[in-house]
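Contents: one structure, followed by commentary.
Just so it is clear: chains get the letters A, B, ... in the order the sequence lines come, proteins before strands, and each one is counted from 1.
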There are 2 protein chains.
Amino acid sequence: MRYSKLFIPTLKESPAEAEVISHQLMVRAGMIRQLAAGIYSILPLGLRVLRKVENIIREEMNRIGGQEVFLPSIQPAELWKESGRWDFYGKELLRLKDRHDREFCYGPTHEEVITDILRKEIKSYRQLPVLLYQIQTKFRDEVRPRFGVMRGREFMMKDAYSFHASDESAQETYQDTAEAYSNIFRRCGLEFKKVEADSGTIGGNFSHEFMVLANSGEDAVAFCDSCDYASNLEKSEARAPLPSDDPTAPQELKEVATPGKRTVEEVCEFLSVSPCALVKTILFDTDQGLVAALVRGDRQVNAVKLKNLLDLESAQPADEKLIAEKAGVPVGYVGPVGLKLKIYADQEVALMKSMIAGANKPDAHFTGVQPGRDFAIEKSGDIRLIKENEPCPRCPDGKYAVKRGIEVGHIFVLGTKYSSALKATFLNDQGKENPMVMGCYGVGVGRTAAAAIEQNHDEKGIVWPLPIAPFQVVVMPVNYSTDSVREASDRIYQTLWDQGVDALLDDRTDRLGVKFKDAELIGIPLQIIVGPKNLESGTVEAKIRRTGESLLVPYPDFIGEIRNILKDL
Amino acid sequence: MRYSKLFIPTLKESPAEAEVISHQLMVRAGMIRQLAAGIYSILPLGLRVLRKVENIIREEMNRIGGQEVFLPSIQPAELWKESGRWDFYGKELLRLKDRHDREFCYGPTHEEVITDILRKEIKSYRQLPVLLYQIQTKFRDEVRPRFGVMRGREFMMKDAYSFHASDESAQETYQDTAEAYSNIFRRCGLEFKKVEADSGTIGGNFSHEFMVLANSGEDAVAFCDSCDYASNLEKSEARAPLPSDDPTAPQELKEVATPGKRTVEEVCEFLSVSPCALVKTILFDTDQGLVAALVRGDRQVNAVKLKNLLDLESAQPADEKLIAEKAGVPVGYVGPVGLKLKIYADQEVALMKSMIAGANKPDAHFTGVQPGRDFAIEKSGDIRLIKENEPCPRCPDGKYAVKRGIEVGHIFVLGTKYSSALKATFLNDQGKENPMVMGCYGVGVGRTAAAAIEQNHDEKGIVWPLPIAPFQVVVMPVNYSTDSVREASDRIYQTLWDQGVDALLDDRTDRLGVKFKDAELIGIPLQIIVGPKNLESGTVEAKIRRTGESLLVPYPDFIGEIRNILKDL
């Protein structure tokens, strides 16, 4: 295509609201424009990239037997009430009413719709398994949309759903999809990790995320520096603690004055003890009421693990007001002894023989607190956040490394959560009615493109991986009005197109400097610079965007060498 | 692809709510399923067809320099208020509020959004023209969604918008697009007519529709049987009447008793006159208040023409209550004499010297009514519906034919309606600021597929035109478990794929009769039947869906002949 005919509104300056580099560069490169908070128009250059990502996704999904469908964005409330998510989903679900005052939502995901279709069509195990996918627009009314298309409200997603007669079959498709996803992200030129993940609001038994490592990532990923264990930090297991052999324990329960000492640091300093000797009592506001979670003084509670241990739907740290009202204890001095709440302890705490904890009254702590003797633990387990350099739970010598990651894919075994709720059953080979076993699988299309920019850019702009570059090659005449230059440029451009190479001809009258700046900003992997001097000596210049490396290629017999360069990019 | 692995839920019976054949067949062929009124899920077979239509659209739009974009479905109310359409659009616009209570709508069209983008990026005539298009989901909250995807509420549409420095440039792109549309519909295998059309709620100066002729069409299309004048009936011009030379006129105004005679027929019979001697006075409720429209007794008012003549935004026939309240006259006896409303007359009526009309009181009419003398005409023009066999307004001998049509495409020159409202200006070559001239252009993707079915089906099912068939060829083994048959079928199937032919292998264990029924229902253009007897004599059977014609093709050297058959389909 000819640059002069294209709508590529590049900008010198980044928009003020763009916090991350991918957002800045997508706007500057004329790929996207914001219409409203978290809602973006995709301009021609941006769409070329998204379509390439989509096609890679399609090829890999088709390869594992996926069939493409297209489901409605506007979904009736009844289905969401049937699954129980109408009430559960909260404000992220964009709700609306049609002209007849009937309730609908803009689909943030499609478990309900697809299950509704399948329950009407599938009668027998002989019709299973089925793997359906779509590439389609979702809306999630995020509190704080940000980072451009990375966490938009309206966004493009590939979502897939599978239906099975058995857990084994679901596992097979889960593994197939995991492989397809690895292929997709590798083909998009991304460095990524497949990590164990929490199932979150989707629910289900089993889940992995595909994380692109980048400093701007909103998630933290923990992985072993020795074995291949990797997980989302909210899921990362702590190595099981050994039973304590504290020789000083047990001690007597004793109240000590700690006037004005509220934080772990303050109490430790005041009592001259290590934070390991303290226990923090954190109260959580949950769908089962207020509960207390105990972790060691040097640890943090992991709310996701707590939710999973207690099978909760929601758990947020309680605020001061709620704590005063419901527990009647002063913040900073909360402790397990005499607390009128169910107490859940981290596995480390459960093994402690003696600890220091708040006394549930102002300016006082207990020392010598002993679980079992001084308070009852309702349940204990792994409910704390792990930290960098902690020992790996899966191998003897490994240590945790923690990095930031962008979630580009997420796969789930859902089990029968939705099929049971919506009565999506089939007759098995014994003629017995069973709910179908389901899986679901998502890739953020725009987010994948943005993640590629986070990993592939420099101070001049984007450096696209070849497979998802909007154009693979840009032909840059030094001066398009010079006959020999124009003829050679046109010929190179045409030859590239004829050979199936996505080429852009920068036929603008601008100075070469302007053309370079734009080509570098929009990140085209290979530049072919056509100048009169080189032409006279039978060459053109090929410049590689990523390395800045420049080499002379024979002209007119350029195509073989250009093909070789492209192959190595 | 293998039939046994595909999700193609065919049905023997049509759904009760499906009124038209395309809706019935799309459901029966497992292409679509209804989720809610006017909202459909597109299943794998349906999506294969839609994607082929989309790709044809894309190729033709790219060929004329169109650039693909993807605009948000959720649009802020502010933009629609700026253009004035927030209030004007009525209940068809699906309105909603986000979590912060800000107003949005689900885009039924994208003039506002695209104009907002361009006004920020276009500064100079040098950046013009620009032609942008998208293929995207729209929502129009129709009162009465029906006919499946033909008039759905949520539907897929290709919409395009062009921006120009001059009317001439807009006209050029309009003509280019008209040609692209003709190519699109021809390539989709449709018989269609390009007809003059009203601009409707979109506004603008100039418009054509692309109509597929079919009995189930919701529009009426009038076209000359002699010249190439064709138009939507709501736009069809009447031939200008000659001045009347009625020798009996002028007559005296005379009140006659017409007890209980309200309709044209009753009055004519009672007074023994022809309907041509009567004038009907129809009152319209408009945005400019109640107005009266006069047409001859044998004619009908065309509300669209009336709106255009008076530059109205809305005009509906007033109901009895409103007529009594606002005009104080009895329905059936309304007439122009003494009527306290503005009176607009059809051009025929304006030329009449003497007419019979209601007397604005019960059971009475006037005879000898003369315009000018007995009442004043505010404005006259062509405001009536034309009928079959009337003379063509554009050629001397032609007569009107009227048929039903399905609107599959619509193109508009918008002029500066949106650019003026949204202040989308540019500096022209004299450095003067001007609003951009705009055009807009739409194709219904699902509607095009449905229209193809309306024109291409028989009692057994769909007969797809080859370019948009979900599969071009189906390979049908008589018995897939027989070794020789299976080997030959697999080989034919694989060869077809390798040669770029979309082939389906019906590897199901069902009887051949079941396979035939499904293949005919889903409308695959060519069947290749592989049986042991034919194989022994070195042949397979090729059967053409449209004609039922069957011929023997040599095996294993089948590919040349199959290619020839496909070329002729």
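Both the backbone and the side chain of Phe7(B) come within contact range of chain A, judged by heavy atoms closer than 4.5 Å. In this structure, no portion of Arg2(B) lies under 4.5 Å from any heavy atom of chain A. Interface residue Glu121(B): only side-chain heavy atoms are found under 4.5 Å from chain A. With a 4.5 angstrom heavy-atom cutoff, Glu142(A) touches chain B only via backbone atoms. Contacts between Arg33(B) and chain A at a heavy-atom distance below 4.5 Å involve the side chain alone, from C-beta outward. Residue contact with chain A, scored on non-hydrogen atoms closer than 4.5 Å, involves the backbone and the side chain of Lys91(B) alike. If you measure heavy-atom distances from Arg51(A) to chain B, the contacts under 4.5 Å come from the side chain alone. For Leu94(B), the part lying near chain A is the side chain, with the backbone staying farther off; criterion is any non-hydrogen pair under 4.5 Å. With a 4.5 angstrom heavy-atom cutoff, Leu50(B) does not touch chain A via any of its atoms. Heavy-atom distances place no part of Leu45(B) under 4.5 Å from chain A, backbone and side chain included. Contacts of Glu154(A) with chain B are made by side-chain atoms alone, with heavy-atom separations under 4.5 Å and no backbone atom involved. Of the two parts of Leu47(B), only the side chain, counted from C-beta on, holds a non-hydrogen atom closer than 4.5 Å to a non-hydrogen atom of chain A. Both the backbone and the side chain of Ser73(B) come within less than 4.5 Å of a heavy atom in chain A. With a 4.5 angstrom heavy-atom cutoff, Ile122(A) touches chain B only via side-chain atoms. Using a 4.5 Å cut-off between heavy atoms, Leu79(A) touches chain B through its side chain atoms alone. For chain A, the nearby parts of Asp141(B) are the backbone and the side chain; heavy atoms of each come within less than 4.5 Å. Only the side chain of Asp116(A) comes within contact range of chain B, with heavy atoms under 4.5 Å apart. The contact between Arg153(B) and chain A is made entirely by side chain atoms (from C-beta outward), counting heavy-atom distances below 4.5 Å. For Ile32(A), no part sits under 4.5 Å from any heavy atom of chain B, backbone or side chain.
Interface remark: of the candidates Leu96(A), Leu11(A), Ile74(A), Ile74(A) forms the most heavy-atom pairs closer than 4.5 Å to chain B. Top candidate by heavy-atom pairs under 4.5 Å with chain A, chosen from Leu93(B), Asp98(B), Val113(B), Val130(B), is Asp98(B). Counting heavy-atom pairs closer than 4.5 Å to chain B, the top residue among Pro129(A), Gly152(A), Pro44(A), Pro9(A) is Pro44(A).
A distance of 10.0 Å separates CD of Glu68(A) from CZ of Arg48(B), quoted to the nearest 0.5 Å.
The two residues Ser83(A) and Glu112(A) come nearest to each other via the heavy atoms OG-OE2, 2.6 Å. Closest approach of Ile39(A) and Phe104(B) over heavy atoms only: CD1-CE2, 4.1 Å.
The shortest side-chain heavy-atom distance between Asn62(A) and Tyr133(A) falls under the 4.5 Å cut-off. Contact of the Leu35(A) side chain with the Tyr40(A) side chain is not registered, since no non-hydrogen atoms from C-beta on lie closer than 4.5 Å. Within the 4.5 Å cutoff, side-chain heavy atoms of Ile117(A) are placed close to those of Leu43(B). The closest side-chain heavy-atom distance from Leu128(B) to His164(B) is not below 4.5 Å.
Tyr89(A) and Trp80(A) have perpendicular rings, their planes meeting at more than 60° on a 0 to 90° scale where under 30° would count as parallel.
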Apply the test side-chain contact (heavy atoms from CB on, under 4.5 Å) to residues Thr137(A) and Phe70(B): give CA-CA distance (whole Å), side-chain angles for both, the deciding distance (0.1 Å), then the verdict.
CA-CA 10 Å; Thr137(A) 306; Phe70(B) 196 78; 3.6 Å; yes
Report the C-alpha separation of Arg119(A) and Glu82(A) in whole Å, then their side-chain angles, then the decisive distance to 0.1 Å, and conclude whether the salt bridge (Lys or Arg N to Asp or Glu O under 4.0 Å) test is met.
CA-CA 13 Å; Arg119(A) 69 177 167 181; Glu82(A) 222 180 318; 2.7 Å; yes
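Between Phe426(B) and Phe163(B), the distance from one ring center to the other does not fall under 6.0 angstrom.
Remark: the backbone N or O of Leu71(B) is paired with a side-chain donor or acceptor of Gln134(B) at under 3.5 angstrom.
The residues Arg63(B) and Glu60(B) are annotated as salt-bridged, a charged nitrogen and a carboxylate oxygen being separated by less than 4.0 angstrom.
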